[in-house]
Amino acid sequence: MTLEKILGLAPVIPVLIIDDISQAVPLGRALVAGGLPVLEVTLRTPVALQCIERMAGEIEGAVVGAGTVLTPALRLACAHAGAQFCVSPGLIEGETDEGPTPLLPGIATATELMAGLSAGFSFFKLFPANIAGGIDALKAFASPFQQARFCPTGGVSARNAADYLALPNVVCVGGSWVAPAEAVKAGDWDRITALARGARALAPTRD
Ligand code: 3PG
C-alpha cells in the first residue's frame with residue numbers, strides 16, 4: 001500500500017508506546033474497533049518489533065507501521081517485522097522515497113522540507129508540530145511547497161486536531177491522546193475505543 005493510501009485511511013494515526021507485548025493485540029483491536037486502522041508502534045520499547053509482528057499478523061483490518069525509526073537499518077528491520085510503513089521524527093540520512101517500506105519522514109523547517117523533497121518524498125510528518133509552528137507553519141508552507149502534504153504530530157490532541165485537519169495540505173494527524181498510558185496499563189480497551197471513535201469523527205472519511 002502506498003503512503004498516500006495509508007495516510008488517507010483515517011484522520012488520526014495513534015502513536016503507541018507498548019511496554020507489554022500482551023497488550024499489543026487488544027490495544028490495536030480497540031483502536032481499529034473505534035475506526036482508527038492505521039497504527040504507529042514506536043520503537044521505544046524492547047518489545048516494539050515483536051509487537052509490530054504480532055499486530056500485523058493478528059489484527060484484522062489494521063495497517064501496522066513503525067514509529068521512531070531513526071536509521072536505515074531500523075527501516076529494514078521494521079519491514080522484515082511486517083510493518084507496512086515507517087515514521088521518523090526527522091530525515092534519515094541517505095534514505096529516499098524508495099526503500100523496503102514506505103517512509104514518512106519528519107521535518108520542522110523549510111530547509112529540511114526541501115531536503116526531503118529532493119530525496120523524493122512528498123508526505124512529511126511536521127514534528128514536533130506544536131513547537132515547529134503548528135497551523136501557522138503549515139499555512140506558510142502551503143504556497144512555496146505546493147506538492148508537500150503533512151501529518152502533523154507532537155502536541156496534537158482532541159482539542160486542536162480538527163483545526164489541523166481543516167488545512168488543505170494536511171492529510172491526517174498523529175497523536176498519543178487516543179491511547180493514554182494509564183488506559184493501556186489498565187487494559188481499559190473500552191475507553192480507548194471511545195477515544196478512537198471521537199478521533200475518527202473529527203473528519204469525514206477520506207477513503
Ligand atoms: C511522539 O513522538 O511521541 C509523538 O509525536 C506523539 O506526540 P504526542 O504525545 O504529543 O501526541
Side-chain angles (χ1 to χ4, degrees), residues 3 6-7 10-20 23-24 27-28 30-31 34-49 51-52 55 63-71 74-75 78 83 85-92 95 102-109 112-113 116 121 123-138 141 149-167 170-186 188 191-203:
L3 205 49
I6 292 168
L7 300 180
V12 178
I13 299 179
V15 176
L16 307 173
I17 298 174
I18 309 175
D19 290 303
D20 177 349
Q23 292 169 326
L27 170 60
L31 291 160
L36 300 182
V38 184
L39 310 174
E40 178 188 331
V41 180
T42 59
L43 302 184
R44 298 183 201 170
T45 67
V47 294
L49 278 175
C51 290
I52 290 168
M55 292 163 85
V63 176
V64 181
T68 322
V69 178
L70 304 180
T71 65
L74 284 174
R75 186 181 185 187
C78 291
F85 66 98
C86 286
V87 183
S88 181
L91 297 167
I92 305 174
E95 289 296 288
L103 173 64
L104 179 71
I107 63 95
T109 66
E112 291 167 4
L113 183 48
F121 295 103
F123 293 91
F124 299 91
K125 164 177 174 167
L126 177 70
F127 180 78
N130 59 335
I131 293 165
I135 284 164
D136 288 342
L138 291 162
F141 286 158
R149 293 289 175 274
F150 298 93
C151 171
T153 306
V156 180
S157 67
R159 188 178 48 79
N160 59 10
D163 295 334
Y164 278 106
L165 289 164
L167 300 176
V170 168
V171 284
C172 60
V173 300
S176 62
W177 86 90
V178 288
E182 71 278 6
V184 176
K185 198 164 175 224
D188 191 349
R191 180 175 167 215
I192 287 171
T193 295
L195 285 166
R197 276 206 189 97
R200 179 75 203 207
L202 286 168

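Counting starts at 1 for both ligands and their atoms, following the listed order. This is a predicted model, so every value here is computed, not measured.
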Identify the closest protein heavy atom to atom 7 (O) of ligand 1: which residue and atom is it, and at what distance? Gly154 CA, 3.6 Å
Quick one: nearest non-hydrogen protein atom to atom 10 (O) of ligand 1, plus distance? Gly155 N, 2.7 Å
Could you check if a side-chain atom of Lys125 sits within less than 4.5 angstrom of a side-chain atom of Ile107, using non-hydrogen atoms only? no
For ligand 1, which atoms have a heavy atom of Gly175 less than 4.0 angstrom away? 11 (O)
Does the side chain of Leu104 reach to within under 4.5 Å of the side chain of Leu7, using non-hydrogen atoms? yes
Tell me which protein heavy atom sits closest to atom 2 (O) of ligand 1, plus the residue, atom name and distance to 0.1 Å. Arg44 NH2, 2.6 Å
Does Leu31 reach the side chain of Leu16, with side-chain heavy atoms less than 4.5 Å apart? yes
Side chains of Phe124 and Cys151: closer than 4.5 Å at any heavy-atom pair? no
Backbone or side-chain N or O of Trp177 under 3.5 Å from ligand 1 N or O: no
Would you find a donor on one side and an acceptor on the other, under 3.5 Å apart, between the side chain of Ser88 and the backbone of Leu91? no
For Glu40 and ligand 1, answer yes if some heavy atom of the residue is under 4.0 Å from a ligand atom, otherwise no. no
Among Thr68, Ile17, Thr153, Val87, closest by heavy atom to atom 6 (C) of ligand 1 is Thr153
Starting from atom 8 (P) of ligand 1, find the nearest protein heavy-atom neighbour and note its residue, name and distance. Ser176 OG, 3.4 Å
Using 30° and 60° as the class limits, which term best fits the ring planes of Phe141 and Phe150: parallel, tilted or perpendicular? parallel
